[in-house]
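Structure record follows, encoded as C-alpha cells.
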2 protein chains.
Amino acid sequence: MTGDTKELMTPMMQKVVANFGEMGSRWGINRTVGQIYALLVLSDVPLNADQIGEALCISRSNVSMGLKELGSWQLLSTVHYPGDRKDYFNAPEDIWQIARTLVAERRKREIDPTLSVLRDALMQTPQDERDVYAQKRIHQMHDLMEQLTQVSEEFNQLSTEQLTRLLKLGAGLGKVLDFKGKLTGKS
Amino acid sequence: MTGDTKELMTPMMQKVVANFGEMGSRWGINRTVGQIYALLVLSDVPLNADQIGEALCISRSNVSMGLKELGSWQLLSTVHYPGDRKDYFNAPEDIWQIARTLVAERRKREIDPTLSVLRDALMQTPQDERDVYAQKRIHQMHDLMEQLTQVSEEFNQLSTEQLTRLLKLGAGLGKVLDFKGKLTGKS
DNA sequence: TCCAATTTTCAGTAATTACTGAAAATACTA
DNA sequence: TAGTATTTTCAGTAATTACTGAAAATTGGA
C-alpha cells in the first residue's frame, strides 16, 4: 500500500544502528530492541513491523516482541495511513524527551525497588556488630541513590529549553554552586 | 590464619547482596560480580577470595574472575595481614568515590566509543535525503550525549562535600538555573 | 455473521553468557 | 634451589536469554 523501502538503510544508518544495538546489550536492553529503536529514531518516516524486520534481518515475531517492549517503555508513537491497516511506528521528535522517558522508566523499574530494599534493611534491628556496620553502609548507599534520584527528577521537570541552557553552563557548575552557597549562607 | 567468618552473612546482608546481584544483571554487570561487590561494601573487614566464595556459594575460580573484573574497574583495594599470604579485598570508604569511579569507567567504556561512532557519521557526506535526516538526528544525539558527559565530568570533579551540598539544593535546581540566567544576562 | 489482514503468543531451538574443576602459573619461604 | 600456598586461566558444561515459525488471537470490513 505504501511505497517500498528501497535499500532500507544507508551505510551511515547501518553503522549507527549497529552501535546502538551493541550499547543496548551493555545496558541490559537486548540488542534487537536497541537496533529497532535506533532505526526508528533515524528514520524520517514511520515504519511498519515488516519494514523493521526486513531492515534488521529479524523475524516478524521478534519485531513484535521488541515493539511491545519499547511500547511498555513509553517510547513509541504510532501512525496510520488511509487504506492501510498496518501500524507505523516512530520515535518522538524531541530527543531530550526520549532521554527523560528513559531516565524516568529506568528509575521506576530499577532504582525504586532497590531503594525499597535498602529502606527495609534500615528498619530492621541489627543482629550484631556486623549488622551495625552494614547498616551504616546501607544508609550511605540509600542517601546517595535518593539524592541522585531527586536530581534526575529535577532534570526531568525542566523544559528542554531550560535543560539546554543548564547544560551549556558546563564548566560553570562548581562556580554556581559556590555562589549559591554564599547566597544562602550555608557553608 | 585469620579468624573464621561464622555465619558469613547476616540475613540483612543477604537481602541487600541479593538485590545488588539482581541490579547488576540489569545493568550489564553480571550477577556474581554485583554480589561480590555488595558483600565487600557491606563488610566491615576485608575478605579473601575463599571467604567471598563461601559466603556467596560460588566457586573459587568464579570469585577470581569477579575480582579481576572489579579490579579492572578500579573499585577494589587489597590488604595483607602478617603471616597470611592471602589477598584481602575491600571497597573504598567513601561511597561517593565509588559512584564517581563507576560513572567515569562507564563513560570511558561505553559512552566515548558511541560518541566516536556518531562523530564519524557526522563527518560523512549524506548519500540521499534519508541520510540528511539521519544526520540531523545523529547530531541531536551527539549533542545530548556530549552535554551529559560534560555534566558528569563536572560532578566527578566536585569534592564529596561539594557534591553533597549541591544535591541538598534538591528542589532548588530550577531556581538556581533561572537565577544564573538573569545573572549572565542570557535568556 | 464470516472473511481476510495483521499482530501476538508461545513452545522449541539457537545463541550467548556464566560457572566450574582441573591444570598452569605465580609468589613466597626456607 | 625445591617445596608449598595461592591465584589465574581455560576448555567444557550449565544456565540464561534471544529468536523463530506456526498457530492463535485480534481487528476491521462486508
- Nearest heavy-atom pair of B:Val117 and A:Asn19: which atoms, and what distance? CG2-ND2, 3.5 Å
- Task: Could you tell me the separation between the CD atom of B:Glu69 and the P atom of C:dC19, rounded to a whole number of Å?
- Result: 11 Å
- Query: Just by modelled atom types, is the B:Leu158 backbone N or O under 3.5 Å from a matching donor or acceptor in the B:Arg100 side chain?
  - Reply: yes
- Query: Any sub-3.5 Å donor-acceptor pair from B:Tyr37's side-chain atoms to B:Gly24's backbone N or O?
  - Reply: no
- Message: Could you see if B:Val103 belongs to whatever hydrophobic cluster contains A:Leu148? Use Ile, Leu, Val, Met, Phe, Trp, Tyr and a side-chain cutoff under 4.5 Å.
- Response: no
- Is there a side-chain contact (heavy atoms from CB on, under 4.5 Å) between B:Ser72 and B:Arg109 once you walk through the steps? CA-CA 11 Å; B:Ser72 79; B:Arg109 292 165 195 231; 3.7 Å; yes
When the side chains of residues 10-17 of chain A are checked against the rest of the protein, which donor-acceptor pairs come out under 3.5 Å, sequence neighbours left out?
residue: A:Thr10; atom: OG1; partner: A:Met13; partner atom: N; Å: 3.2
residue: A:Thr10; atom: OG1; partner: B:Asp131; partner atom: OD1; Å: 2.5
residue: A:Gln14; atom: NE2; partner: A:Met9; partner atom: O; Å: 3.2

- So does A:Arg31 get a side-chain nitrogen or oxygen closer than 4.0 Å to the phosphate oxygens (OP1/OP2) of C:dA15? no
- Neighbours of DNA chain D within residues 16-26 of chain A, by heavy-atom distance under 4.0 Å: none
Restricting to nitrogen or oxygen on both sides, can you table the protein-nucleotides 7-13 of chain C pairs closer than 3.5 Å?
residue: C:dT7; atom: OP1; partner: A:Asp87; partner atom: N; Å: 3.0
residue: C:dT7; atom: OP2; partner: A:Arg60; partner atom: NH2; Å: 2.9
residue: C:dT7; atom: O5'; partner: A:Arg60; partner atom: NH2; Å: 3.4
residue: C:dT8; atom: OP2; partner: A:Ser64; partner atom: OG; Å: 3.2
residue: C:dT9; atom: OP2; partner: A:Lys68; partner atom: NZ; Å: 3.1

- Message: Expressed as a whole number of angstroms, how long is the span from A:Asp84:CG to D:dG28:P?
- Response: 13 Å
- Query: Does any residue of residues 34-43 of chain B have a heavy atom under 4.0 Å from DNA chain C, and if so, which ones, in number order?
  - Reply: none
- Query: Roughly how many Å is it from NE2 in B:His80 to P in C:dA27, rounded to a whole number?
  - Reply: 12 Å
- Query: Could you give the CD1-to-P distance, from B:Ile29 to C:dT17, as a whole number of Å?
  - Reply: 15 Å
- Message: As a quick check of understanding, evaluate side-chain contact (heavy atoms from CB on, under 4.5 Å) for A:Thr160 and A:Gln97, giving each step before the final call.
- Response: CA-CA 8 Å; A:Thr160 296; A:Gln97 186 49 50; 5.6 Å; no
- Message: Hydrophobic cluster membership, with links at side-chain heavy-atom distances under 4.5 Å among I/L/V/M/F/W/Y: are B:Trp27 and B:Ile111 in one?
- Response: yes
- Query: Is it true that a side-chain atom of B:Arg137 and a backbone atom of A:Glu93 form a donor plus acceptor pair closer than 3.5 Å?
  - Reply: yes
- Query: Does A:Asp120 have any side chain to side chain donor-acceptor pair (under 3.5 Å) partners at least two apart in sequence or in another chain, and if so, which?
  - Reply: none
Run the side-chain donor-acceptor check on residues 40-50 of chain A: report pairs under 3.5 Å with partners two or more places apart or on a different chain.
residue: A:Ser43; atom: OG; partner: A:Val45; partner atom: N; Å: 3.4
residue: A:Ser43; atom: OG; partner: A:Val45; partner atom: O; Å: 2.6
residue: A:Asn48; atom: OD1; partner: A:Asp50; partner atom: N; Å: 3.0
residue: A:Asn48; atom: OD1; partner: A:Gln51; partner atom: N; Å: 2.8
residue: A:Asn48; atom: ND2; partner: A:Tyr88; partner atom: OH; Å: 3.3

